[in-house]
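Heads up: numbering here begins at 1 and tracks the sequence. Computed from a predicted model, the values in this text were never measured in an experiment.
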Amino acid sequence: HFSWDGFTHVQGKLGSGIVAIPFAKVKQIDVKPGPDKSTMSVRVTLRDGEPQTLTVDSKLTCYGKTSFGNYRVVVKNLSRVTFTSRQPKE
């Protein structure tokens, strides 16, 4: 189980708008520093191989569940999230 700020989609700024990409369409998320300290650049690789680059708040929190308990991490401390199995429905 994994959530992006409590949601099962990746949401961020794309151009002058906001986009939400459902986890079911996501293969991998790579996180790098953004243009300033308050943002991160997030490259979302879709299952069909198409990349999308979004800008997100560096303080956004991701949540997960492990075999030993719940997990929480701020997006600025992530480098990569890989989706491997049992994708949620759109």
Side-chain angles (χ1 to χ4, degrees):
H1 292 86
F2 177 77
S3 71
W4 188 266
D5 202 30
F7 299 98
T8 56
H9 61 254
V10 181
Q11 183 171 307
K13 188 172 181 180
L14 181 63
S16 58
I18 302 292
V19 67
I21 304 171
F23 286 168
K25 294 185 177 188
V26 177
K27 179 178 180 182
Q28 185 168 288
I29 302 169
D30 291 289
V31 182
K32 302 210 181 290
D36 57 61
K37 282 186 161 188
S38 67
T39 62
M40 301 300 286
S41 178
V42 176
R43 181 183 167 106
V44 180
T45 303
L46 302 179
R47 293 200 171 274
D48 66 7
E50 180 185 350
Q52 293 293 331
T53 301
L54 312 178
T55 302
V56 302
D57 186 327
S58 64
K59 295 178 185 171
L60 182 140
T61 303
C62 295
Y63 302 89
K65 288 188 179 183
T66 69
S67 60
F68 51 86
N70 295 330
Y71 190 76
R72 178 176 57 188
V73 63
V74 177
V75 76
K76 71 179 179 182
N77 295 324
L78 286 175
S79 59
R80 175 175 288 163
V81 177
T82 303
F83 294 86
T84 58
S85 65
R86 290 188 356 179
Q87 296 304 310
K89 294 181 182 179
E90 293 183 34

Applying ring-ring contact (aromatic ring centres under 6.0 Å, His included) to Tyr71 and not counting sequence neighbours gives none

Tyr63 reachable from Val10 in the ILVMFWY side-chain graph, under 4.5 Å edges: no

Across all chains, not counting sequence neighbours, the side chain to side chain contact (heavy atoms under 4.5 Å, CB included) partners of Ser41 are Thr53

Is Val42 reachable from Leu60 through a run of I, L, V, M, F, W or Y residues, each pair having side-chain heavy atoms under 4.5 Å apart? yes

request  = Flag the pair Asn77 / Val75 as yes when at least one side-chain heavy-atom distance between them is below 4.5 Å, and no otherwise.
outcome  = no

Heavy-atom closest pair (Pro22 atom, Ala20 atom, distance to 0.1 Å) is CD-O, 3.7 Å

Hits for salt bridge (Lys or Arg N to Asp or Glu O under 4.0 Å) against Arg72, two or more places apart or cross-chain, chain-then-number order -> none

TODO: State, with a plain yes or no, whether a side-chain heavy atom of Lys25 is found less than 4.5 Å away from one of Arg47.
DONE: no

Residue set satisfying salt bridge (Lys or Arg N to Asp or Glu O under 4.0 Å) with Asp5, at least two apart, ordered chain then number -> none

For Arg43 and Pro51, the nearest pair of non-hydrogen atoms, with its separation, is NH2-CB, 3.4 Å

Problem - Arg80 and Thr82, any side-chain heavy atoms less than 4.5 Å apart - result: yes

To the nearest 0.5 Å, atom NE2 of His1 lies from atom CG of Asn70 at 10.5 Å

Taken in chain and number order and not counting sequence neighbours, the residues that satisfy side chain to side chain contact (heavy atoms under 4.5 Å, CB included) with Lys13 are Ile18, Thr55

Out of curiosity, does Val19 fall in the hydrophobic cluster containing Val31 (side-chain heavy atoms, cut-off under 4.5 Å, transitive links)?
yes

Requested in this report: For the residue pair Val26 and Ile21, establish whether any side-chain heavy-atom pair is separated by less than 4.5 Å.
Outcome: yes

Taken in chain and number order and not counting sequence neighbours, the residues that satisfy side chain to side chain contact (heavy atoms under 4.5 Å, CB included) with Phe2 are Trp4, Phe23, Cys62, Val81, Phe83

Worksheet item: Side-chain heavy atoms under 4.5 angstrom apart, residues restricted to Ile, Leu, Val, Met, Phe, Trp, Tyr: same cluster for Val73 and Val56?
Response: yes

Residues at least two apart in sequence or cross-chain that pass side chain to side chain contact (heavy atoms under 4.5 Å, CB included) with Ser16, listed by chain then number, are none

Applying side-chain hydrogen bond (donor to acceptor under 3.5 Å, both in side chains) to Asp36 and not counting sequence neighbours gives Ser38, Thr39

Contacts of Asp57 meeting side-chain hydrogen bond (donor to acceptor under 3.5 Å, both in side chains) (sequence neighbours excluded), chain-then-number -> none

Separation between CE (Met40) and NZ (Lys59), nearest 0.5 Å, reads 13.0 Å

